[in-house]
Amino acid sequence: MTIPIVPKLLRSHLSDLAERDARIDGRGRWEGRELEVQHSILPRAEGSARVRMGDTIVLAGVKFQIMTPYPDRPNQGGLMCSAEVRPVAGRNWESGPPSPESIELGRVVDRGIRESGCIDVDSLCIIPGEKAWQVILDLFAISDDGNLFDAFALAGITALRNATVPAERFEVGEDYQLSVSKTPIMCSYHRVGGRFVFDATAREELGGDERIHITLGDDNNVHSLQKGLKGIFSADEFTEIMDNAIERTEKLRKIVDEL
Amino acid sequence: MTIPIVPKLLRSHLSDLAERDARIDGRGRWEGRELEVQHSILPRAEGSARVRMGDTIVLAGVKFQIMTPYPDRPNQGGLMCSAEVRPVAGRNWESGPPSPESIELGRVVDRGIRESGCIDVDSLCIIPGEKAWQVILDLFAISDDGNLFDAFALAGITALRNATVPAERFEVGEDYQLSVSKTPIMCSYHRVGGRFVFDATAREELGGDERIHITLGDDNNVHSLQKGLKGIFSADEFTEIMDNAIERTEKLRKIVDEL
Amino acid sequence: MTIPIVPKLLRSHLSDLAERDARIDGRGRWEGRELEVQHSILPRAEGSARVRMGDTIVLAGVKFQIMTPYPDRPNQGGLMCSAEVRPVAGRNWESGPPSPESIELGRVVDRGIRESGCIDVDSLCIIPGEKAWQVILDLFAISDDGNLFDAFALAGITALRNATVPAERFEVGEDYQLSVSKTPIMCSYHRVGGRFVFDATAREELGGDERIHITLGDDNNVHSLQKGLKGIFSADEFTEIMDNAIERTEKLRKIVDEL
Amino acid sequence: MIDENGVRADGRGPGDIRPITIETGVVPVADGSCRMTWGTNEAIVAVYGPMEAHPRKIQRQDRAVLDVAYNMAPFSTTDRMRPGFNRRSREVSKVTQDALESVVLLELYPRSKIRISIEIVSAEAGTRCVGLTAASVALADAGIPMTDLVVSVASGKINDVVVCDLNKEEDNYGEADLPMGIMPNSGELVFLQMDGDLSQDEFKQAWKYNMDAAQEIHKLMVEALNGGDSQ
Amino acid sequence: MIDENGVRADGRGPGDIRPITIETGVVPVADGSCRMTWGTNEAIVAVYGPMEAHPRKIQRQDRAVLDVAYNMAPFSTTDRMRPGFNRRSREVSKVTQDALESVVLLELYPRSKIRISIEIVSAEAGTRCVGLTAASVALADAGIPMTDLVVSVASGKINDVVVCDLNKEEDNYGEADLPMGIMPNSGELVFLQMDGDLSQDEFKQAWKYNMDAAQEIHKLMVEALNGGDSQ
Amino acid sequence: MIDENGVRADGRGPGDIRPITIETGVVPVADGSCRMTWGTNEAIVAVYGPMEAHPRKIQRQDRAVLDVAYNMAPFSTTDRMRPGFNRRSREVSKVTQDALESVVLLELYPRSKIRISIEIVSAEAGTRCVGLTAASVALADAGIPMTDLVVSVASGKINDVVVCDLNKEEDNYGEADLPMGIMPNSGELVFLQMDGDLSQDEFKQAWKYNMDAAQEIHKLMVEALNGGDSQ
């Protein structure tokens, strides 16, 4: 594996490809990489998933803790979503406190899931004002060949949809399946060689510009948007992306729902 | 705005001026800069002040929290004073954890206010042993052209004297004015060009030596002293400064008391 | 005091000495430095010791705190052992968060004492489920001329054996002697010039390779082992060290027991 | 929160923004600065630079780097905000920096750094929009060349109605938040976030409110930079 | 935990190890990698390098430096493990690095760095052994020359009986733990720790179990590296 | 705390100091060192250097830099002191460094660093005075040229009476604390702090007590440095 060391050459190569409407790995502009989604693969997690998109591989694990509800919301539990990209996942990721990139990763995925309302926080209450479940979704990168955002989001919702509330271990009743009523799906677009493409690889990210993340819910409602990195885009470009995202999320939602 | 980049030249320039008993901005040795003091200017703070001394501008904000009294002092609330100088205030201030300078700023101001006894910590008790008010005074620099110490101290006591205890918001009774029984005032002196001057600018600080901070109370009692930076001073020099401080603090106290 | 600045020359010098079965300070391969053990020398600590081995000097202090027992062990108190090597102890020790070396020092000593079972954690319970003693052993280096491990371990067990539980100060009864039923002793061996030696100096450590730490209990039972640093050793080498440790720990245990 | 005639609790119509004031030169020791009040938000922004970028490893051979720090003062919120590291501030700093790097002509100042400090001294709702907008004014005040100013404004949804520029009470019940960073001359975007629940139609309405408000705010920015009274 | 015939609760004899699988190439973007399951432990190791060591002050003129980071993923344990600094992980990283530096031919790559990331994604008992063993396979997968592989395995004591490779339930009642890092061809050691209470005789028995198990595990490692099925 | 004849609970008169011992060479691996007991305070100070200052950015072309770290050992106080960052220690380090930089002939050692570690292993009242005084002895023991030693001592007020060198019990009821750092030969000051409440007259009395005590302590310092018995 080699990352090009001359980003300027990479950029101009990507521009040349874009002129011919081609991509560095032969895909079409809106084409995603080969996808593999597995669930319930981590023995210590109450819910888990593994997503592989080309050479990008991530894990998601769900754990539960008992929390005291916040005084102003005595009937609600909580959802926390945290992303970690450790040096295992690529030569450019370094150890140390969470980087701005990994903080952004966690927050963007968190928002899409949270805002979709797919988890009913009222249902997480055990004893009002005293005990409630805190659901913790941890996203963990194994191999970063680009577009960790979509891989994390997909692994995250899959892990949640297959999670069991460990009530027995905490001595508060019988285990039951976590209720997840919706399937929010994120699609990410990167500007590469001047135009936006879907599901960029690490090299496209390295030689590209801004990215746009869209999370849509079951009914195509918008739950989360995020533009990342330096870059200027027009309203028309955004409309094209949104239209693609509507189409794409429907397909991915079917895959997750049918697991 | 330019800061001289050759500190040695600045030092020798300041020495030359001192020989003629002059200062870089034309002031006399014991003369302060133009002063402007405003209060109640921050809508979210329970007490606030803005002090402008020449091109030095600072804010002070008072917030209240409910605390559990310390077991050995069940009838007392608390006072906490914290100073922050963030990069907004000047090109030489950097982000990151609090610098030794800003820690010193906070502690020196804190001491003067605390040791004057101007705030009766017994009056902050709500329910003995259970609930008391913690008064938090935050000092915040907007523009640092030198002598943040005096600006912070002046803004701090002004904000406290105009603070309202937000009892209604915390559902422990009706709002009332925080009782501040005294008006401690700090005066700071820097050695510049070999002799001490009052209210140094940033350039005088940069090309100067040690500084001495004196906080005097209503009756000229000494509440706090601090010598900062490398430097040697004699007992006679100190006496001259103390005499000036007695005169100066009386004038400033009148300004604060009459706001 | 000078530390050689050419480690390669030091290494080859140590190899030459080893060929003649000699050491840099004239000692025999299994010979320790002059030892001095004192106890009860720190007025603020509930137990304390000072150990001097040649130019290596360390302190140990025992403090007590009241803790809430862990829910799964309501009848037990706790033991915590922490080592600090601050810049005071040598020119190569730097300030800042604990270095990997000092973390290892603390953990290796902690294990030997803990695993020997010399402190009966059940006896530290005051009120089951509510209050128990936490014993805190702090190891503190004054002068590091090598083999801080053995010095810390020796000072640690000595301080514990001479500690008084400060029940009166915490208003839970009368003061009494902490019960320490065994005397675990650590012996450390460094590979220097190709062969293992006992009680290495700082220069031997600097020009040496791996080290092996052995903690043996009253009955020669093994309680803790640790190999540190890069290096390969054979089963035969280990057997030789273990035999020496059995002999050595018996002598040291007698010294500590008779204090 | 909003009556049958589309009038909001504070008297505004659905597309109306809160009162805004803009002032430059408020940090005398800085190279450029701006104080912006927007409702009861107040942001103070100082710009320092271009200056030498150090440590050297942050330098870029072919352009300047921006160093944007967004921060909320401890007394800026109803409950005191503890100083120090804060994930939200870190993230707002990053998106603000990304937006500003899109308009500043960075290649004019190779190897240098431009530092932009955004201090929120009073917070209502929409502080990131205030900070980004005020920062672009402060950059202009410092004489840093840009392709355009940036106007940032957010629309949202309350009681199932899409409205522009939520105030604090509305924000507490807000069902969505769509902040955008708009180049007022071209209508292009340099910043976009969204949280909540908006149908495709509601989304288009919120987008339109933001575009219209941006033109209005842009006028105030230009006035302030021309020395006029922005009130 | 162990019956009169020396049979353990999970059916193993005193000297038997848990089931092991080994797979290489599991992190496509790395230069070498290994996934090892051992009981319900699962470790994923990636090797990057040799690459330029920076900052320069960590460079060694005459050899490569290793940078080993052992970490437990937050979902790897029954109670969630909080991410971030952790004394235990720091210490395991250090002893693992010391062990690997003993076998890697560092002098072949002066001034360079080899980064080894050990991620425990599922933890039972004995994670440090799994991590070290898997790391030596990942180094071989990356083509880094070594004098030998390293096999790490631990024996312990339960109910006063010495047994090899404690599982989680046994570990909860374990009275001693003796992990070793063994060069399988020479029988020499690069890693040794021990906690607990072992008489001199028990200690010798535990040592022997480890040595025997190392030969068995070594076969699986060689198979995996030769592309065979290690199951 | 003090009777009608001006006699304090521990038998001292108002201007008397607690017993002091001073010993040098107590950290064998250091270039200079000092152990000072003062009442039940005990400080150990080690001096290393002059040595190369690194990282290079801390170097000064025309003088040495001091690096002073004051620290309280965890067992130095009645309630255990948690190790690690501590605002008070940071501040005491800074004022101590400022005081010592005023007397050390820094310009003799350009580009170098002198490290001074002050460890309080037993704390009563007045640890910053003990630390600063002992540090100046350790510097002299290391052969670092200074214009003068520094003697640090504090006076205070109890029951409205000004007294010198408060012990722990007195300090608990102390109404003021005036620590000074005095050059005993010239009577000039390099360190000054004060907290509490002192009228102008009381202040003058406290000042005088400190000046007189400094002369007394100075004699003990000189004796210790000349190898005499300081007890």
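Note on naming: letters A, B, ... go to the chains in the order of the sequence lines (proteins, then strands), and numbering restarts at 1 for each one.
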Practice task
Using a 4.5 Å cut-off on heavy atoms from C-beta on, say whether the side chain of B:Val85 contacts that of B:Ser99.
Solution key: no
Problem - Crowding at CZ, F:Arg63 (>12 non-hydrogen neighbours, <6.0 Å) - result: yes
Handout entry: Which portion of B:Pro97 sits near chain F, non-hydrogen atoms under 4.5 angstrom
Key = neither
Problem - Atom group of B:Leu216 that falls short of 4.5 Å from chain F, counting heavy atoms - result: side chain
Practice task
Determine the interplanar angle of the F:Phe203 and B:Phe238 rings, folded into 0 to 90°, and report it as parallel if under 30°, tilted if 30 to 60°, perpendicular if over 60°.
Solution key: tilted
Problem - Toward chain B: residues of residues 168-193 of chain F with heavy atoms under 4.5 Å - result: F:Leu178, F:Met183, F:Glu188, F:Leu189, F:Val190, F:Phe191, F:Leu192, F:Gln193
Completion exercise
Pair count under 4.5 Å, heavy atoms only, with chain F: among B:Glu210, B:Glu237, B:Arg114, B:Gln226, highest is B:Gln226
Completion exercise
Comparing F:Gln97, F:Met211, F:Glu101, F:Lys204 against chain B, the one with the most heavy-atom pairs below 4.5 Å turns out to be F:Glu101
Exercise for the section: Could you tell me whether the side chain of B:Tyr189 and the main chain of B:Ala245 form a donor-acceptor pair under 3.5 Å? Expected result: yes
Exercise for the section: Indicate the ring-plane relationship of B:His213 and B:His190, choosing parallel, tilted or perpendicular according to the 30° and 60° boundaries. Expected result: perpendicular
Exercise for the section: Determine the option with the most heavy-atom pairs under 4.5 angstrom with chain B, choosing from F:Arg87, F:Gln200, F:Arg90. Expected result: F:Gln200
Practice task
Please check if any side-chain donor atom of F:Asn41 sits under 3.5 Å from a side-chain acceptor atom of F:Glu124, or the reverse.
Solution key: no
Problem - Member of B:Glu104, B:Glu205, B:Glu204, B:Glu101 meeting the salt bridge (charged side-chain N to carboxylate O under 4.0 Å, His left out) criterion with B:Arg211 - result: B:Glu104
Handout entry: Presence of salt bridge, B:Asp138 and B:Lys63, under 4.0 angstrom
Key = no
